[in-house]
Amino acid sequence: MVTTRASTKYMTEEQAMLFNAFDPLSGKRLQVMDEKGDIVDAKWMPDLPDSKVVEAYKVMLYARIADTKSVSYQRQGRLYTLPSNMGQEAAAVGSAMALEKIDWMVPAYRELGAWLVKGATMLHYFLYFGGSEEGSRYPEGTRLLPVSVPISSQLCHAAGIAHAAKYRGDREVVITYFGDGGSSQGDFHEASNWAAVYELPVIFFCNNNGYAISLRRDKQTKSKTIAQKAIAYGMPGIQVDGNDFFAVYRATHEAAKNARDGNGPSLIEAVTYRRGSHTTSDDPTRYRSADEEKAWEAKDPMIRLRKYLEKKKLWDEDREKKHIEEATSDIDRQFKQFEATAAPTVEDIFKYQFDEMPDSLKKQMVELRNFINRKEG
Amino acid sequence: MVTTRASTKYMTEEQAMLFNAFDPLSGKRLQVMDEKGDIVDAKWMPDLPDSKVVEAYKVMLYARIADTKSVSYQRQGRLYTLPSNMGQEAAAVGSAMALEKIDWMVPAYRELGAWLVKGATMLHYFLYFGGSEEGSRYPEGTRLLPVSVPISSQLCHAAGIAHAAKYRGDREVVITYFGDGGSSQGDFHEASNWAAVYELPVIFFCNNNGYAISLRRDKQTKSKTIAQKAIAYGMPGIQVDGNDFFAVYRATHEAAKNARDGNGPSLIEAVTYRRGSHTTSDDPTRYRSADEEKAWEAKDPMIRLRKYLEKKKLWDEDREKKHIEEATSDIDRQFKQFEATAAPTVEDIFKYQFDEMPDSLKKQMVELRNFINRKEG
Amino acid sequence: MAVMNMVQAINSALDVKLADDPSVIVFGEDAGLEGGVFRVTEGLQQKYGEKRVFDTPLAESIIVGSGVGMAINGLRPVCEIQFDGFMYPAFNQIISHAARMRLRSRGTYSVPMVIRAPYGGGIRALEHHSESMEALYAHIPGLKVVIPATPYDAKGLLISAIEDNDPVIFFEPKKIYRAIKQEVPEGEYRIKIGKAAILQEGDQLTVVAYGAMIRTVQQALQKAKKDGLSVELIDLRTIYPMDADTIINSVKKTGRLLVAHEAPRSFGPAAEIIALVNEEAFLHLEAPPARVTGMDTVVPLPKGEDLYFPDADRVYDAIKRTIDF
Amino acid sequence: MAVMNMVQAINSALDVKLADDPSVIVFGEDAGLEGGVFRVTEGLQQKYGEKRVFDTPLAESIIVGSGVGMAINGLRPVCEIQFDGFMYPAFNQIISHAARMRLRSRGTYSVPMVIRAPYGGGIRALEHHSESMEALYAHIPGLKVVIPATPYDAKGLLISAIEDNDPVIFFEPKKIYRAIKQEVPEGEYRIKIGKAAILQEGDQLTVVAYGAMIRTVQQALQKAKKDGLSVELIDLRTIYPMDADTIINSVKKTGRLLVAHEAPRSFGPAAEIIALVNEEAFLHLEAPPARVTGMDTVVPLPKGEDLYFPDADRVYDAIKRTIDF
Ligand SMILES: Cc1ncc(C[n+]2csc(CCOP(=O)(O)OP(=O)(O)O)c2C)c(N)n1
Ligand SMILES: Cc1ncc(C[n+]2csc(CCOP(=O)(O)OP(=O)(O)O)c2C)c(N)n1
Ligand SMILES: [Mg+2]
Ligand SMILES: [Mg+2]
């Protein structure tokens with residue numbers, strides 16, 4: 001049965017079932033696979049071929065390795081400040097894999113696995129966190145937006161992209177990411193309301209990783225869940241186990257289908273944990289306990305998906321080793337490529353500000369060049 | 001029983017009963033008195049002496065007369081653009097009367113009756129809408145803030161005022177007003193969340209009058225009620241008949257008690273209707289039908305409170321006439337006083353910008369004076 | 001040609017572009033059904049339908065922010081902010097995204113959006129309805145800022161703004177929305193963004209102004225003419241990017257500069273113009289460049305506003321004093 | 001006296017005022033428990049408790065907006081915005097309320113609030129962490145804008161800002177947060193807001209700068225000294241209200257002016273200083289006043305930032321050219 005609070009009116013029976021079965025006010029959370037890798041709620045197990053699941057695991061593992069390497073490159077001074085995605089790979093990869101190629105992804109900054117699925121490479125990542133705008137020059141048609149730093153501001157762009165899609169009658173769906181902290185921003189509210197009013201194909205995907213830098217989730221907002229905030233907009237909301245690849249995939253898949261069918265936006269809260277520091281400039285020991293970190297280590301999304309695959313004989317230690325090797329060499333190769341990239345020129349500073357460079361900018365560019373010439377000459 | 005969605009944990013049984021009995025998701029709306037002036041839900045009838053109810057009616061009538069006169073003064077060019085409060089008197093006066101003198105009121109711009117209860121006079125009103133900042137110079141201790149024009153921005157100030165009160169351990173409560181349109185602003189979201197997180201004594205009072213200028217409420221947001229938006233913040237919310245003085249009073253009274261007892265904020269949605277135009281610059285015939293206006297005329301808050309009083313022999317045609325006369329002459333007297341007010345001086349422009357006028361401003365002031373002297377001399 | 005006031009001319013520009021380009025959409029608070037509080041978009045929803053011309057919830061950040069998204073996904077959004085005083089809730093979207101998306105993405109994404117807003121003082125309005133804060137936007141890298149002074153310019157500039165591949169803040173001087181009528185072509189024409197207009201030639205003083213201030217200056221110039229003073233009047237039209245050449249060439253000729261605007265003086269547009277002229281025409285300056293501007297205070301409510309805004313007398317006084325230096 | 005860097009000096013100012021005045025409260029994102037991302041508020045929550053020094057939800061508009069309310073109800077809020085690039089969501093509260101409440105209410109209510117934010121470039125940071133947008137605030141009537149250049153000044157100015165009865169935007173140049181150490185008194189002292197400091201006397205050229213740019217200019221001046229050039233250096237310290245007299249008197253002496261800042265050039269602070277000098281010392285100017293500034297573009301990500309920000313060489317080059325004019 002469809003409850004009155006969310007506009008689930010156009011949903012198929014099955015979709016409405018998922019969102020209603022996990023009504024945020026009921027205190028329920030969608031979990032398909034438990035920490036041991038066992039399927040505990042087969043009803044909501046997504047219909048995925050084994051090969052897809054293996055592929056998901058591989059991307060997650062790749063992202064984990066890339067993340068770990070990046071953090072250590074940063075420590076060596078070879079990259080600048082960057083936000084680790086460790087522990088959130090299921091939420092990133094599970095949600096991204098549930099989308100189609102025509103769909104748009106509007107990121108925050110902590111979804112490396114999702115970007116990789118969408119078509120970004122580690123070269124992009126290294127360039128970006130290595131301090132170059134070239135890292136956001138994705139190939140035409142990638143439909144992945146650059147990192148958005150001002151918290152939750154990107155949710156508005158997602159609504160706008162979806163608006164344009166709906167205006168043209170295109171089938172594309174937009175997913176946008178934000179954090180538990182991001183749920184406090186006015187832009188979360190305005191974008192959610194707008195998307196609901198115009199019934200836009202948007203998935204608001206909240207990575208609730210327990211902290212906004214040092215602030216615990218329970219001090220961020222008094223609402224028991226982030227998911228229940230959907231009620232304010234008359235849209236469906238659901239809380240899922242964000243470390244459970246299958247739960248994330250299924251919820252995103254339903255939300256995408258729902259959006260594609262013209263039923264408007266939905267809100268997914270993926271409960272996860274940032275296992276690393278906020279960014280490489282952060283020291284989590286100031287605000288959380290080793291015990292807490294330990295407890296979440298056991299819930300790591302990699303562990304449970306690997307266990308699942310191993311139980312199904314789809315994965316083993318050899319394959320793990322081999323994939324680690326391959327991933328490592330691929331990442332290394334791209335890092336070398338990054339380090340060999342030329343520094344930006346004077347022209348690079350100016351030429352992307354406007355489509356046509358105004359005279360005032362040309363003057364400043366010439367002035368800067370002249371100065372450099374004077375200095376060098 | 002207390003539901004899980006709002007933090008009603010510290011509420012008394014009775015308070016929790018009101019907010020739970022009218023759970024916004026249940027589709028219920030608090031109405032104590034119907035359109036005929038009959039008490040239809042005695043259980044929630046506030047415990048008010050008859051004299052108080054008569055007083056309330058008198059203020060409402062005064063506000064209605066003042067409003068009507070102001071609109072016609074505006075039409076004569078003797079006041080500038082102003083927003084009519086006609087039809088919303090029960091929401092304004094009912095909510096304001098439920099507060100104590102120590103409480104703060106943080107208005108939007110359409111709550112004339114509430115301001116009068118709080119201690120503003122029509123002279124303030126005429127000065128303000130007659131184009132002078134002197135209209136916001138309320139007597140020390142009035143605890144009424146000036147009109148806030150940028151929609152919903154004032155909700156943040158209410159949270160801050162309440163924060164200071166709680167910090168000092170004072171008993172004061174803060175009420176703040178906004179419209180159905182105002183519920184879409186980011187500041188509504190941020191202020192509600194903040195007040196809930198710090199459990200601040202704030203009453204967020206939404207005058208849902210069906211329109212934001214020309215935009216109908218159902219196009220403003222997809223949520224069935226504004227009240228249910230409280231769920232997003234883990235605070236209690238309730239929808240009341242905003243044209244029913246008793247319902248408004250009772251809900252505000254409970255919310256104030258709740259806040260004063262240290263239980264934090266709540267959200268009240270008063271369903272009402274702006275019977276006049278948005279402002280004197282607006283033409284409602286462009287966006288709503290005469291039939292609709294007619295239907296709401298029958299629900300006018302003045303009519304039903306008068307009927308109630310007449311049935312209880314507390315009011316009659318003579319008293320009505322007498323009060324109209326008294327109010328009219330009082331308003332006229334203040335309007336004359338307003339029209340006799342001196343124009344602002346050069347110094348007035350400058351001296352309130354900072355506590356101490358910086359040299360740069362002094363120079364501009366002298367320059368302006370010199371110019372005027374040159375011109376006149 | 002039809003005779004139009006500025007409201008009609010802007011409406012006509014929107015009409016032309018809506019008809020011409022299906023990627024143009026128009027929206028804002030009350031901009032649809034009722035055609036905007038100043039009726040600038042009147043009749044457009046009726047003509048082009050609710051998908052292309054629509055009302056929005058009361059929320060400026062998402063109005064601009066969704067515009068950024070629409071632009072990224074191929075549209076040319078023209079959004080209306082009901083008054084310039086209500087752009088601030090959208091400030092983050094303007095400065096952090098609209099102005100940066102092209103540069104940030106190395107040109108992969110761009111934001112061909114116009115943000116229109118009634119602007120400036122002089123209509124005896126409530127608080128926040130009378131300010132002139134164009135300098136805030138002109139200082140932000142990545143934005144263009146346009147302020148027309150006539151119906152003809154308004155239409156030609158708005159068409160250019162909609163066709164521009166970058167975000168344009170389009171401020172419409174509300175004081176002269178209906179004050180000036182002019183012959184305006186019904187079809188399409190363009191006025192180049194970034195190009196000032198010399199409205200009157202002269203050789204004793206260069207006056208630079210824009211928006212509603214142009215009329216005020218013109219009144220002052222009538223008086224100056226009677227005094228036999230020869231003044232050159234430049235209508236800036238675009239605040240950023242500024243047409244430095246036109247100003248500098250004029251000052252090289254006249255040797256004197258006066259800038260008039262409603263905006264507060266300190267850190268205002270006049271300062272930039274004076275600095276530019278110092279850099280490029282220093283040796284030509286025969287008198288200190290002067291500013292006639294609003295004050296460094298909040299614009300007073302209507303009863304005080306005549307004291308605040310520069311009027312023709314104040315401009316005339318400054319003209320005299322600069323020439324007499 | 002203790003030796004402190006700027007982070008410690010600011011912490012000390014907060015400590016002094018928290019101890020001294022129970023109406024002072026300190027809050028911001030991560031400003032409580034962990035003492036801020038730059039550790040500026042480190043130890044204060046532990047010392048003064050969670051009611052006086054606290055973490056907030058991630059929402060700048062309500063951080064500033066609730067500060068306005070707190071100030072109206074008798075407190076002296078000192079709020080931290082995590083980076084100056086994140087002040088824009090609060091822009092409406094700043095321009096529409098903090099800056100206006102006193103004037104609007106004819107002095108009935110006022111907003112004695114300080115908004116602190118790490119400011120400026122040069123730390124090789126992510127996007128939005130390197131800008132210098134002080135001109136936006138300096139142009140808004142009703143705000144004071146302070147930018148210290150040394151630990152000693154930072155403490156004295158912040159104490160004055162907290163005691164000021166009007167809102168103060170207090171920008172802390174993050175590049176020099178830990179770069180300079182200095183003897184700083186542990187107790188309370190004040191530096192007047194609105195007063196510039198002459199850091200070095202000279203008679204051939206006046207250089208005006210502030211914040212982290214002071215150090216850059218000082219490096220350039222070492223070189224200039226070797227060349228035998230005599231340059232006067234003014235640290236503005238307060239951007240608004242500006243200490244015009246100190247600048248003007250200096251230029252009257254030197255006849256030449258150079259302004260250096262990280263902010264984009266057009267409509268930036270240097271323009272205002274040049275305009276002021278034109279108005280008050282026109283006849284003393286012997287060369288065109290010059291600007292060494294950031295570009296009219298978004299600050300590049302770290303790999304490009306050295307090209308963007310003026311360094312000592314660029315300042316030196318401008319000094320030479322202005323003196324040689
Ligand atoms: C508007 C804005 N304010 C502050 C910041 C600084 N900041 C960067 S990340 C962050 C915390 C974000 O927390 P959350 O939304 O939970 O995402 P998470 O980092 O946990 O993934 C803050 C405060 C910012 N980037 N933007
Ligand atoms: C931030 C902002 N945007 C736009 C406006 C212009 N405006 C004034 S009143 C209004 C409609 C308000 O509607 P609602 O909140 O329902 O209150 P009502 O006027 O119906 O009482 C609008 C859009 C404003 N004052 N502030
Ligand atoms: Mg988080
Ligand atoms: Mg309304």
Side-chain angles (χ1 to χ4, degrees), chain C residues 60-61 85-96 99-100 103-104 127-128 131 133 135-142 239-242 259 263-283 285 287-291 294-300 325, chain D residues 60-61 85-96 99-100 103-104 127-128 131 133 135-142 239-242 259 263-283 285 287-291 294-300 325:
Chain C
E60 285 79 10
S61 186
F86 306 135
M87 283 181 62
Y88 308 118
F91 209 74
N92 190 39
Q93 289 293 339
I94 295 171
I95 185 169
S96 303
R100 287 166 166 262
L103 184 130
R104 172 186 298 151
E127 208 191 333
H128 309 286
E131 278 71 14
M133 284 283 143
L136 300 184
Y137 305 94
H139 184 53
I140 296 173
I239 313 304
Y240 191 93
M242 200 181 274
V259 187
R265 175 167 318 167
S266 295
F267 301 84
E272 175 60 26
I273 296 167
I274 291 170
L276 269 179
V277 165
N278 269 262
E279 284 164 344
E280 307 283 337
F282 179 74
L283 295 175
L285 278 173
R291 305 189 263 187
M295 312 297 161
D296 289 2
T297 69
V298 171
V299 178
F325 177 83
Chain D
E60 286 78 11
S61 187
F86 306 136
M87 283 182 64
Y88 309 118
F91 209 74
N92 190 38
Q93 288 294 340
I94 295 171
I95 185 170
S96 303
R100 288 167 165 260
L103 185 131
R104 172 187 297 152
E127 208 191 335
H128 308 286
E131 279 71 13
M133 283 284 144
L136 300 184
Y137 305 94
H139 184 54
I140 296 172
I239 313 304
Y240 191 93
M242 200 181 273
V259 187
R265 175 165 317 166
S266 295
F267 299 85
E272 175 59 28
I273 296 168
I274 292 170
L276 268 179
V277 165
N278 269 260
E279 284 164 343
E280 306 284 338
F282 179 75
L283 295 176
L285 277 174
R291 303 190 264 188
M295 312 296 160
D296 289 3
T297 68
V298 171
V299 178
F325 179 83

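Quick note: numbers below take in every heavy atom, side chains included, and nothing from hydrogens, waters or symmetry partners.
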Next item on the list: Between chain D and each of C:His128, C:His139, C:Met242, count heavy-atom pairs under 4.5 Å; write down the option with the most.
Entry: C:His139
Check: Looking only at heavy atoms, what is the nearest atom pair of C:Val298 and D:Ala99, with distance?
Finding: CG2-O, 4.3 Å
Check: Who among C:Gly142, C:Pro288, C:Ala275, C:Pro300 has the most heavy-atom pairs with chain D under 4.5 Å?
Finding: C:Pro288
Check: Looking at C:Ile95, C:Leu103, C:Leu276, which has the largest count of heavy-atom pairs under 4.5 Å with chain D?
Finding: C:Ile95
Next item on the list: Select one option (side chain, backbone, both, neither) describing which atoms of D:Phe325 are under 4.5 Å from chain C's heavy atoms.
Entry: side chain
Checklist line | Segment of D:Ala287 engaging chain C (4.5 angstrom heavy-atom cut-off) | finding: backbone
Next item on the list: State, to 0.1 Å, how close D:Arg291 and D:Ala271 come at their nearest heavy-atom pair, and which atoms those are.
Entry: NH1-CB, 3.8 Å
Next item on the list: Can you see which heavy atom on D:Pro269 is nearest to which on D:Ala135, and at what distance?
Entry: CD-CB, 3.8 Å
Note to self: Which atoms of D:Ile273 are under 4.5 Å from chain C, going by heavy atoms: the side chain, the backbone, both sets, or neither?
What the structure shows: neither
Item checked: Engaged part of D:Phe86 at the chain C interface, taking heavy atoms whose separation is under 4.5 Å -> neither
Check: Quick one: what part of D:Leu136 sits under 4.5 Å from any heavy atom of chain C, side chain, backbone, both or neither?
Finding: both
Next item on the list: Go through the atoms of D:Phe282 and report whether side chain, backbone, both or neither lie under 4.5 Å from a heavy atom of chain C.
Entry: side chain
Check: Rounded to the nearest 0.5 Å, what separation is found between the OG1 atom of C:Thr297 and the CZ atom of D:Arg100?
Finding: 9.5 Å
Notebook entry, point to check: CG of D:Asn278 to CG of D:Leu283: how many Å apart, nearest 0.5 Å?
Noted result: 10.5 Å
Checklist line | Under 4.5 Å from a heavy atom of chain D, the part of C:Ile94 involved | finding: neither
Margin query: Less than 4.5 Å to any heavy atom of chain D: does that hold for the side chain of C:Glu131, its backbone, both, or neither?
Written below: side chain
Margin query: Which atoms of C:Arg104 are under 4.5 Å from chain D, going by heavy atoms: the side chain, the backbone, both sets, or neither?
Written below: side chain
Next item on the list: Kindly give the heavy-atom pair with the smallest separation between D:Phe91 and D:Ile140, and that separation in Å.
Entry: CZ-CD1, 3.7 Å
Notebook entry, point to check: Can you tell me how far the OG atom of C:Ser266 sits from the OH atom of D:Tyr240, to the nearest 0.5 Å?
Noted result: 5.0 Å
Item checked: Selection from C:Arg265, C:Glu127, C:Glu60 maximising heavy-atom pairs under 4.5 Å formed with chain D -> C:Glu127
Item checked: Portion of D:Ala270 that has a non-hydrogen atom of chain C nearer than 4.5 angstrom -> neither
Check: Roughly how far apart are D:Phe267 CZ and D:Asp296 CG, rounded to 0.5 Å?
Finding: 9.0 Å
Check: Just wondering, do D:Pro264 and D:Met133 contact through their side chains at under 4.5 Å, heavy atoms?
Finding: yes
